[in-house]
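So the structure is just underneath, and the comments pick up after that.
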Amino acid sequence: MDYLKGLNEPQLEAVTTLEGPLMVLAGAGSGKTRVLTMRIAHLITNLVDPFHILALTFTNKAAKEMKERVAKVVGQSEARNLWMGTFHSVFARILRSEAHYIGFPSNFTIYDSQDSLNVMKKVIKELNIDADQYKAKKVLSRISQYKNNLITVKAYFNNPELLENDERANQKHIGAIYQKYVETCFKNGAMDFDDLLLRTNELLTRFPEVLAKYQDRFRYILVDEYQDTNHSQYLIVKALASKFENICVVGDDAQSIYSFRGANIYNILNFKKDYPDAVTVALEQNYRSTQNIVNAANVVIGKNLQQFKKNVFSENEVGEKIKVYRSLSDADEAAFVASNIWQLHNSEQMNFDDFAILYRTNSQTRAFEDALRKKNIPYRVYGGLSFYQRKEVKDLVAYLRLLVNPNDSEALFRIINLPTRGIGDSTQNKLIVFADAHNIPVSEVLNNLGQFAPNLQLNNGIITKLADFWAMIKAFQVMLKEENAYTVAMEVAKRSGLIKNLKEDQTPEGISRVENIQELMNSMQGFIDEQIQVEDGDPSLSNFLENIALSADTQKDKKDDDSPKVSLMTIHLSKGLEFPVVHLVGLEENLFPSFMSSSTREELEEERRLFYVALTRAEKRAYFSYAISRFQWGKITDAEPSRFLSEVDSEYLELINPAIESRFVNHSGLKSNIFDEAPSETRFFKKKEPKKSLNRDEPQIIPKNLKPVSTAKIINPSGSSSQDIEVGDRVRHDRFGVGEVQFLDGTDPQNIKAKVIFQHEGEKNLILKFAKLTKI
DNA sequence: TTCGCACACTTTTTT
DNA sequence: AGTGTGCGAA
């Protein structure tokens, strides 16, 4: 058993304790994934049929990675029978085969958050409830809370405390909305994310034979990131494990960062109460990071009251101090990070994939993308708007969803008039009202248009349009029985008029939308190929749709080459990953910790755990940065440094732009450094940056007949002459894009104004000192 | 019914 | 800044 070699003592115990409940408290970087992998391998080596093993993870990525690693140890064929996946995908699969028990079609649609929100908006509207007082998003998150705590509509109405609570919060209609929302989803044959867990619970509690079946099947259960399970997930795991009690949970309470979506940290804190015989193993040695990083992270997380006592330590080198950079603006911060990466890449031959830029919110990405692009540094943004959430992609997907599940009226009304075919709002409303009144799905009305037409109060022209539309959908459905999903989707894209509609828009955005559709088709082909290759693969359209609903893949649209790239992601997404160099950016009050989470101690502690997660991603070096002002909500906002900065003992920190004092860092570590302390305003002209190769699609539409009016030169404020801007130069501006300098005015080098005509933005007067123009 | 424009709101994190 | 919503005109 080679794979047991090289494990430390607690790791070995965690891997080899196969029977009975086991809790592994795995500190950051302590080899958690390795332990999980080896444990599964060890189970299989000890003749447990992989068929009886269930491993639950939080992300598809984690599941995929673990499966691959297990396969390396025990071989492909053994690994294949494992059930390994996210809670949502595993239970979606179970629900599909057992759907009839709870009155759902087995091809039920899965609503993503966007779909749920749309449905909720309609529900509120239909109930004639004031949409200002009942914000769809808020209502939805409230209902999500209820669902995750197994409070059904009925339970809600039977619970005086909840009723009173909502009444006092001036939300007395929540119950009615909740009811209507659930009804709508049910009628549509759809489940939202929370339903996948709630309905699984329903299935397991109401039907003992189903429970028994899966209890017997899943004799060994492993749960990764147990600290992030919510109550609903907790109950499922508990029910499934209650027969054999071979349950192994792995987690770290210090890394619980999902309470906003119902994660209940007490699930892990109380594991011992649920299973008094449980063996607990603590993995405390961090193999990932330098001592400085581990110690700094410990100090911060130590401020939290709510936690297990752990002693995470590192025996790696002490390492460098964490560098802190104070910047003037978000753009300045991004420029620092980019040049720092460039510098390390050149001077220490580090690869670009050794770097990560971690931030609190997705909206912070843009500045970094700009800065990295300017330096020609390859990068990849993770998360953000998923490819499958783009409008044009969702539109085509809506057609496909409708083919699989004609009751999905959310999909139906999304595309019934797209591209416009004269079926407007009032017609749609009539359809809805009529279907509601007769208590049948809208698809039924469309199926029997001839019969219902006289009662629909629609003119013949509209009836014809409806009939045509529905005939088209029907034809697609017939086709789906004979052809594969790809062929059908292609036909849908063409015959629905979607592609034609998109092609009419010849702007760059329009062209990229067509490309996105093409990419969707490609990913579909890829999916089908993949499914055909595996033994029990399912290349059906319905399986494809489930897959995209449960995966937030952002990368389908980019050319997926494997060249090293800098990673940009939110801290949440970075959990479980590690990088030699981490830039943790935007360390400002109200950004991190978020202004939404500074009011209660619990919220603040979660933000602190988030900080802990971020810092412990770093192997060798960590950089903190913050800006004193930031472009936000369309205007410049002042910012204070994050409280977390002051929570790190200064012995672990080093300020790297000492020209500016900071009240948080002592000045012992002032040294010359990569920045040679140039304050950032004066650096704009000084930097000779690698230029992007000639830009592909910028049309030359600057009028040639405009003559320069002045030949005044700008004297570079920093004394360097490499970037002097003259009349007639083509320049690039961060926001306005490419333009030509028409006119320069002023002799004081600090105050020269330039008139620039931009290709898209037209004429602007800019003060050179501030405008950050780059000559191109 | 469709289109275009003014406006309001946004940004916390994800399956 | 960017996107979604609602209203009024064609």
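We name chains A, B, ... by the order of the sequence lines, and we start the count at 1 in each one.
In this structure, of B/dT15, B/dT12, B/dT11, it is B/dT12 that holds the atom nearest to the side chain of A/Arg360. Checking B/dT12, B/dT15, B/dT11 against the side-chain heavy atoms of A/His88 singles out B/dT15 as nearest. For A/Lys137, whose side chain is taken as the heavy atoms from C-beta onward, the closest listed nucleotide among B/dT11, B/dT14, B/dT1 is B/dT11.
For the pair A/Met569 CE and B/dT12 P, the computed distance is 21 Å after rounding to whole Å. Taking atom CH2 on A/Trp633 and atom P on C/dT3, their separation rounds to 18 Å, with Å as the unit. Protein atom CG of A/Asp228 is 11 Å distant from nucleotide atom C1' of B/dT14, rounded to whole Å. With rounding to whole Å, A/Glu225 atom CD is found 13 Å from B/dT14 atom C1'. Spacing between atom CZ of A/Arg608 and atom C1' of B/dT12 amounts to 17 Å, rounded to whole angstrom units. Rounded to whole Å, the distance from CG on A/Leu591 to C1' on B/dT13 is 12 Å. Taking atom CG on A/Leu140 and atom P on B/dT14, their separation rounds to 17 Å, with Å as the unit. In this structure, A/Lys391 atom NZ and C/dG4 atom P are separated by 9 Å, rounded to whole Å.
Proximity of A/Thr427 to the phosphate of B/dT1: a side-chain N or O atom is located under 4.0 Å from OP1 or OP2. The side chain of A/Asn362 contributes an N or O atom lying less than 4.0 Å from OP1 or OP2 of B/dT13. Contact check, A/Ser363 against B/dT12: no side-chain N or O comes under 4.0 Å of OP1 or OP2. In this structure, A/Thr570 reaches the B/dT14 phosphate: one of its side-chain N or O atoms is under 4.0 Å from OP1 or OP2.
A distance of 7.0 Å separates CD1 in A/Ile143 from OH in A/Tyr178, rounded to the nearest 0.5 Å.
Counting any heavy atom pair closer than 4.0 Å across all strands shown, A/Lys121 reaches sugar-phosphate atoms only and no base atom. At a threshold of 4.0 angstrom between heavy atoms, the contacts of A/Ser89 with the nucleic acid are absent. Within 4.0 Å of A/Phe87, counting heavy atoms only, lies no atom of the nucleic acid at all. At a threshold of 4.0 angstrom between heavy atoms, the contacts of A/Phe592 with the nucleic acid are absent. Residue contacts for A/Leu573: at a heavy-atom cut-off of 4.0 Å it reaches the sugar-phosphate backbone alone, with no base atom in range.
With sequence neighbours excluded, the residues forming a ring pair (Phe, Tyr, Trp, His ring centres under 6.0 Å) with A/Phe644 are A/Phe592, A/Phe611, listed by chain and number. Taking the salt bridge (charged side-chain N to carboxylate O under 4.0 Å, His left out) definition, one finds that A/Glu202 meets it with A/Arg199, A/Arg206, sequence neighbours left out. Checked against salt bridge (charged side-chain N to carboxylate O under 4.0 Å, His left out), A/Lys391 has the following partners two or more places apart in sequence or in another chain: A/Asp395. The salt bridge (charged side-chain N to carboxylate O under 4.0 Å, His left out) check on A/Glu333 picks up A/Arg630, with sequence neighbours excluded.
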Could you run down the sub-3.5 Å N/O contacts of the protein with nucleotides 2-9 of chain B?
unit_1: B/dT2; atom_1: OP1; unit_2: A/Gly422; atom_2: N; d: 3.1
unit_1: B/dT2; atom_1: OP2; unit_2: A/Asn417; atom_2: ND2; d: 3.0

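Taking the C1' atoms as reference points, C/dT5 lies 24 Å from B/dT12, given to the whole Å.
Nearest-nucleotide positions on DNA chain B place A/Ile462 closer to the 5' end than the other of A/Phe58 and A/Ile462.
Below 30°, between 30° and 60°, or above 60°: for A/Trp83 and A/Phe218 the angle between ring planes is between 30° and 60°, a tilted geometry.
Using a 4.0 Å cut-off between a side-chain N of Lys or Arg and a carboxylate O of Asp or Glu, A/Arg401 and A/Asp115 qualify as a salt bridge.
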Ignoring hydrogens and angles, write down the donor-acceptor pairs under 3.5 Å from the side chains of residues 258-265 of chain A, residues two or more places apart or on other chains.
unit_1: A/Ser259; atom_1: OG; unit_2: A/Glu606; atom_2: OE1; d: 2.7
unit_1: A/Ser259; atom_1: OG; unit_2: A/Glu606; atom_2: OE2; d: 3.3
unit_1: A/Asn264; atom_1: OD1; unit_2: A/Tyr266; atom_2: N; d: 3.0

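The side-chain ring of A/Phe260 is not stacked on the base of B/dT12, judged by centre separation under 5.5 angstrom and plane angle under 30 degrees.
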